[in-house]
Amino acid sequence: MNVVSISEAKLPAEPFVARHLIDGDWRQSADGSTFDRVSPSHGSVVTKAAKGGARDVDAAVSAARLAFDKGRWSRTSGKERATLLLKIADLIDRERERIAYWETLESGKPISQAMAEIEGASDIWRFAASLARTMHGESYNSLGSDMLGLVLKEPVGVVSIITPWNFPFLIASQKLPFALAAGCTAVIKPSEMTPATTVILGELCIEAGIPAGVVNIVLGYGDPVGTAMTADKRVDMVTFTGSTGVGKAIVKAAAGTLKKVSLELGGKNPQVIFPDADLESAVDAVVFGVYFNAGECCNSGSRIIVHEDIAEAFLKATVDLSRKVPFGDPLDPSTKVGAIITPDHQSKIDKYVRDAADAGATVHLGGEALTVPGLAGQFYQPTIVADVKSDMPIAREEVFGPVLSVLTFKTLDEAIDLVNDADYGLSAGVWSENVHTCLEFARRAHAGTVWTNTWMDGFAELPFGGVKESGQGRELGKYGLDEFLEAKTVTMRIGKTRAPWVA
Ligand code: NDP
């Protein structure tokens with residue numbers, strides 16, 4: 001295995017100090033409590049954060065509500081909003097190294113990957129700026145010569161944004177700029193494991209000139225912060241990315257006030273490899289798809305369904321290539337796979353592998369913790385498990401680790417049945433040189449995204465989201481803006497043509 005262990009990595013002299021952003025002010029918690037984040041790779045405290053409670057959420061929601069109702073943001077022009085979003089994009093570019101550094105320390109992801117994510121995030125802010133200027137409603141000039149119908153697009157209102165630990169800055173950037181482009185105000189809660197870069201994003205919003213109360217941040221735990229942000233009747237919408245279990249809890253909590261809910265949840269994403277596939281290319285994409293972000297990724301391509309004629313060659317090539325992937329210190333620029341988010345999560349990953357082996361699957365590579373010399377954090381070996389059956393938890397549930405499960409098929413129909421035999425429906429992939437095979441697959445797979453002869457390419461222009469238990473609603477693209485808009489119908493009579501109801 002290719003283990004990267006470095007000595008020149010620079011740990012911070014002082015931890016990052018993270019506070020809530022409420023009504024334009026940086027605040028400690030109302031009760032003064034704080035929590036520490038320990039770096040998953042280096043084992044030392046890297047962040048000291050305010051630990052929010054109900055009173056902090058109340059203050060943040062009040063500020064967001066007031067800012068919205070006073071029209072501090074919603075009544076600005078698309079041009080004004082776009083100008084500020086573009087300014088934030090420029091500031092993100094300016095701060096790219098700083099953001100990537102703290103993202104790496106808190107999440108354990110490799111610094112090179114964090115740099116690429118921050119670059120992707122500023123691109124999304126620019127794309128959202130273009131939507132702020134071009135969004136529009138509809139007009140109906142076809143209702144009769146004395147009638148005119150307008151459909152106005154209006155911001156939903158106050159939005160609670162709840163984000164997970166695996167892509168803290170990127171996921172915040174898949175939500176906040178679209179909410180702002182629409183004219184909404186927001187309260188954001190990052191995962192308690194990764195608060196720092198959302199705080200930096202808040203600083204950049206303030207520096208760019210976003211009015212007080214438009215962007216608020218409350219740090220802390222899902223309960224009580226996330227739950228209060230979901231139940232509060234002054235909040236009009238919740239947008240959440242995270243586990244399906246918490247997504248379901250949010251739907252229930254939001255039902256009390258019938259607020260709009262948008263969910264980007266888990267995935268157990270299949271890639272089907274046909275015998276005519278470009279095997280070298282498929283193997284590289286499979287290796288990327290499963291080890292990217294240490295597999296802690298809703299889009300992890302962790303469920304491979306390979307034709308039985310090429311299964312042996314595929315397995316051998318995948319094991320060989322997996323051995324070359326540099327796992328290790330996230331601060332080393334050559335590292336491609338970093339640490340696992342927490343010791344508990346590492347145990348959960350390990351249990352999936354052990355249970356699969358006990359149930360008859362074969363571990364071809366890895367299946368153990370990985371020791372990285374000099375680092376106190378937790379790492380997991382690149383792991384490949386074959387002879388997996390569709391009913392095993394490792395084939396059906398999010399392992400959220402660098403673990404590949406391999407199943408086999410004989411016919412296209414059988415492959416599609418395996419693909420769709422899942423509670424999730426986030427993304428799916430097909431590898432074949434035959435365009436008819438790819439198109440048939442794309443149309444029959446139950447998934448929000450289908451990749452053909454590629455994996456995990458993403459663009460700000462293209463919507464992203466899932467079907468079934470992978471979520472509801474879409475992020476990115478013009479659909480990403482629509483989530484934060486309501487349609488208002490304006491029906492106008494031209495002239496005094498209305499016939500009296502009472503004669
Ligand atoms: P969660 O879904 O528990 O957390 C995501 C966010 O929701 C965090 O900010 C969390 O707060 C918050 N939250 C937790 N409970 C509630 C609640 N009742 N109401 C409102 N907000 C809440 O993910 P975890 O971080 O615990 O990860 C657990 C598993 O979820 C992973 O192993 C993985 O399988 C999956 N996951 C999937 C993701 C995806 O992108 N699809 C992303 C992350 C995880 P906090 O954690 O700070 O307490």
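Index from 1, following the sequence. Ligands are counted one by one from 1 in listed order, and the atoms in each one are counted from 1 as well. For clarity, every value in this text was computed on a predicted model and none was experimentally measured.
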> Can you find an N or O of Asp223 that's nearer than 3.5 Å to an N or O of ligand 1?
Replying inline: no

> Would you call Thr241 a ligand 1 contact, heavy-atom distance under 4.0 Å?
Replying inline: yes

> Taking everything shown except Lys259 itself, do over 12 heavy atoms lie less than 6.0 Å from its NZ?
Replying inline: yes

> Closer than 4.0 angstrom: is that true for some heavy atom of Glu397 and an atom of ligand 1?
Replying inline: no

> With ring centroids as reference points, do Tyr479 and Phe464 lie under 6.0 angstrom apart?
Replying inline: no

> Can you find an N/O atom of Glu264 closer than 3.5 Å to an N/O atom of ligand 1?
Replying inline: no

>> Within ligand 1, which atoms have a heavy atom of Gly220 less than 4.0 Å away?
In response: 47 (O)

> At a 4.0 Å threshold, what atoms of ligand 1 neighbour a non-hydrogen atom of Gly266?
Replying inline: 41 (N)

>> Please report whether ligand 1 has a polar contact with Tyr221, defined as an N or O pair separated by less than 3.5 Å (distance criterion only).
In response: no

> Taking side chain as C-beta onward, heavy atoms only, is Met456 less than 4.5 Å from Cys297?
Replying inline: yes

>> Check contact between Phe240 and ligand 1, using heavy atoms of the residue and a distance below 4.0 angstrom.
In response: yes

>> Using a plain distance cutoff, I'd like to know if Thr230 has any nitrogen or oxygen under 3.5 Å from a nitrogen or oxygen of ligand 1.
In response: no

